[in-house]
S.K.: 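The structure follows.
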Amino acid sequence: MPELPEVEVTKRSLKSHLQGRQIERINVREKRLRWPLNLNQLNHLLNQDILSLSRRGKYILINSERGTALIHLGMSGSIGILKNDRPIKKHDHFDLVTDNKVIIRFTDPRRFGSFIWAGKNPEKHKLLKNLGPEPLNNDQLGLHLHNLSKGRKTSVKAFIMNANIVVGVGNIYASESLFISGIHPKRRANAVSKNRYLKLATAIQNTLEKSINMGGTTLRDFTYSDAGQKVGYFKQELNVYGRGGSQCSKCEQPIKSVLLSGRSSFYCSNCQH
DNA sequence: AAACGACCCTGAAAGC
DNA sequence: TGCTTTCAGGGTCGTT
């Protein structure tokens, strides 16, 4: 579920309930997440003023006086805001309870998500320190991509999905932005011109922003029961992702579906070169 | 340094 | 119908 827009929406939701408040309790039912949940460290969060919530790539940062905790939603994670308690479901792994008794419940069937303590300088934490730049509000993105592409023989799709190059471009956005900019996903990264990287950067930014806006709209009243639903999802806007075999929206040729770097990839061989 | 594949885990959907 | 296989929006790690 969690695309960057949902991570952003989740972060905003957490912000409205956590910023300026304190976490009174952390209830853990399952420690076996992507990284073992370490309560000794995470308890540093307890009874501290939560100064701000931020996002780095797909990591949500909970910034307190004593340091920062990170939440990652993995492939299947979601967060519910509960004003009143509800029965625990199978994959409800932990809760944060605020000083005004709001329950923030983390649910993640596949357990690829995580909740870890990153200390006083989270940007130096090993999971964050090597991340590439944020794509949004970044007028240097195209030049950045072009500069880093030199000597890279991997496919341009794998290149833009590499979080050390640029964060936030998942499998959907990679396919969509390459379609919009007319670039074949299998093209070698070092064989894409500067001009085309400028177009690609714009396509990435427009796609992400549009999706964030839709996610922001459809999940405006973000609650536990809404979080797992595909309500008004960006899916309707997709040109190629998940549409193998159906007609290209530009030329009506069938969309191709191939496996690339272990991930399904969709493109139009007539429109993308 | 860069590229690749294995791996983490559960459940829904497709295939037989 | 029911069992088996495949696939999923993420990322890290070890090996080459």
Side-chain angles (χ1 to χ4, degrees), chain A residues 1-10 29-37 55-60 70-79 89-93 106-116 118 125-132 135 145 147-178 185-191 204 207-208 210-212 214-215 218-219 227-245 257-266:
Chain A
M1 301 288 183
E3 289 298 312
L4 189 142
E6 289 190 35
V7 176
E8 178 64 25
V9 170
T10 298
R29 287 171 292 273
E30 176 59 83
K31 295 180 178 177
R32 296 172 303 164
L33 303 180
R34 178 66 181 83
W35 308 107
L37 192 153
R55 178 182 61 73
R56 183 75 179 93
K58 291 170 187 163
Y59 289 91
I60 295 167
L70 307 180
I71 290 180
H72 197 292
L73 300 175
M75 295 270 261
S76 56
S78 63
I79 281 180
K89 293 186 190 165
K90 191 173 180 183
H91 301 294
D92 295 344
H93 301 318
F106 177 92
T107 304
D108 182 9
R110 290 176 77 180
R111 291 193 273 120
F112 288 175
S114 53
F115 180 36
I116 57 177
H125 188 274
K126 69 167 186 175
L127 296 178
L128 301 187
K129 67 179 180 184
N130 292 322
L131 291 179
L145 292 176
N147 286 337
L148 288 195
S149 72
K150 291 165 186 169
R152 297 278 187 150
K153 294 182 176 177
T154 190
S155 68
V156 62
K157 176 161 181 274
F159 178 68
I160 60 173
M161 285 179 69
N162 182 346
N164 297 329
I165 304 296
V166 56
V167 298
V169 183
N171 204 26
I172 288 178
Y173 298 107
S175 279
E176 291 298 309
S177 54
L178 287 167
K186 286 185 176 177
R187 176 172 282 272
R188 288 206 323 268
N190 67 355
I204 289 170
T207 310
L208 284 174
K210 188 173 177 182
S211 187
I212 285 173
M214 294 186 70
T218 56
L219 297 176
Q229 305 295 318
K230 295 185 178 182
V231 193
Y233 197 50
F234 183 71
K235 195 172 181 178
Q236 300 102 297
E237 302 297 315
L238 298 177
N239 287 291
V240 289
Y241 185 85
R243 303 196 48 189
S257 171
V258 298
L259 214 56
L260 183 52
S261 304
R263 302 240 171 218
S264 53
S265 306
F266 303 90

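As the structure is a prediction and not an experimental result, all values here were calculated from the model. Residue numbering restarts at 1 for every chain, and letters A, B, ... go by the order of the sequence lines.
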S.K.: Identify whether any heavy atom of Y59(A) sits under 4.0 Å from a base atom; if not, whether one sits that close to sugar-phosphate; answer base, sugar-phosphate or nothing.
M.R.: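 Sugar-phosphate, no base atom in range.
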S.K.: K150(A) or R32(A): which one's nearest nucleotide on DNA chain B is closer to the 5' end?
M.R.: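 In this pair, the answer is K150(A).
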S.K.: Taking the P atom of each, how far is dT6(C) from dA6(B), in whole Å?
M.R.: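 Between the two P atoms, the distance is 14 Å.
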S.K.: If you define the side chain from C-beta out and look only at heavy atoms, does anything of L73(A) sit under 4.5 Å from S78(A)?
M.R.: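 The answer is no; the side chains never approach within 4.5 Å.
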S.K.: Is there a donor and acceptor pair closer than 3.5 Å between the side chain of R111(A) and the base of dG10(C)?
M.R.: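 Check fails, no donor-acceptor contact within cut-off.
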S.K.: Contact class for L73(A) (heavy atom, under 4.0 Å): base, sugar-phosphate, or nothing?
M.R.: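 It contacts nothing in the nucleic acid.
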S.K.: Consider the side chain of S264(A), meaning its heavy atoms from C-beta on, and name the nucleotide among dA8(C), dT12(C), dA3(B) that approaches it most closely.
M.R.: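 Among the listed nucleotides, the one closest to the side chain of S264(A) is dA8(C).
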S.K.: Given that G168(A) and R110(A) both sit by DNA chain C, which one's nearest nucleotide is further toward the 5' end?
M.R.: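 The residue whose closest nucleotide sits nearer the 5' end is R110(A).
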S.K.: Taking CZ from F266(A) and P from dA8(C), how many angstroms apart are they, rounded to a whole number?
M.R.: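 These atoms are roughly 7 Å apart.
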S.K.: Take atom P in dC13(C) and the same atom in dC9(B), then report the distance between them in whole Å.
M.R.: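 Their P atoms lie roughly 15 Å apart.
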S.K.: If you check the M75(A) side chain, which of dA8(C), dT10(B), dG11(C) turns out closest?
M.R.: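 Within the option list, the nearest is dA8(C).
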S.K.: In whole angstrom, give the distance that lies between atom CG of D108(A) and atom P of dT10(B).
M.R.: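 Value for this atom pair: 11 Å.
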S.K.: Check for me: is F112(A) stacked on dC8(B) by the 5.5 Å centroid and 30° plane-angle rule?
M.R.: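 The ring of F112(A) is stacked on dC8(B).
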S.K.: Mind calculating the distance between NZ (K126(A)) and C1' (dG11(C)) to the nearest angstrom?
M.R.: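 About 12 Å, once rounded to whole Å.
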S.K.: Base, sugar-phosphate or nothing for R152(A)? Non-hydrogen atoms, less than 4.0 Å.
M.R.: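 Sugar-phosphate, no base atom in range.
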S.K.: Measure from the side-chain heavy atoms of K90(A) and tell me the nearest of dG11(B), dA3(B), dA8(C).
M.R.: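 The nucleotide sitting nearest to the side chain is dG11(B).
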S.K.: Just call it for S261(A): base, sugar-phosphate, or nothing, with non-hydrogen atoms closer than 4.0 Å on any strand.
M.R.: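 No contact.
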S.K.: As a quick check of understanding, evaluate side chain to side chain contact (heavy atoms under 4.5 Å, CB included) for S114(A) and L70(A), giving each step before the final call.
M.R.: CA-CA 8 Å; S114(A) 53; L70(A) 307 180; over 6 Å; no
S.K.: Rounded to whole angstroms, how far apart are CG on N162(A) and C1' on dA3(B)?
M.R.: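 It is 10 Å, rounded to the nearest whole Å.
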S.K.: Measuring from the side chain of T154(A) (C-beta onward, heavy atoms only), which nucleotide among dG11(B), dG11(C), dA3(B) has the closest atom?
M.R.: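 The answer is dA3(B), which lies nearest to the side chain.
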S.K.: Is there a Watson-Crick or G-U wobble partner for dT16(C) with both distances under 3.5 Å, and if so, which one is it?
M.R.: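 Its partner is dA2(B).
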S.K.: Round to a whole Å and report the spacing from CZ of R263(A) to P of dA8(C).
M.R.: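 Taking CZ of R263(A) and P of dA8(C), I get 9 Å after rounding.
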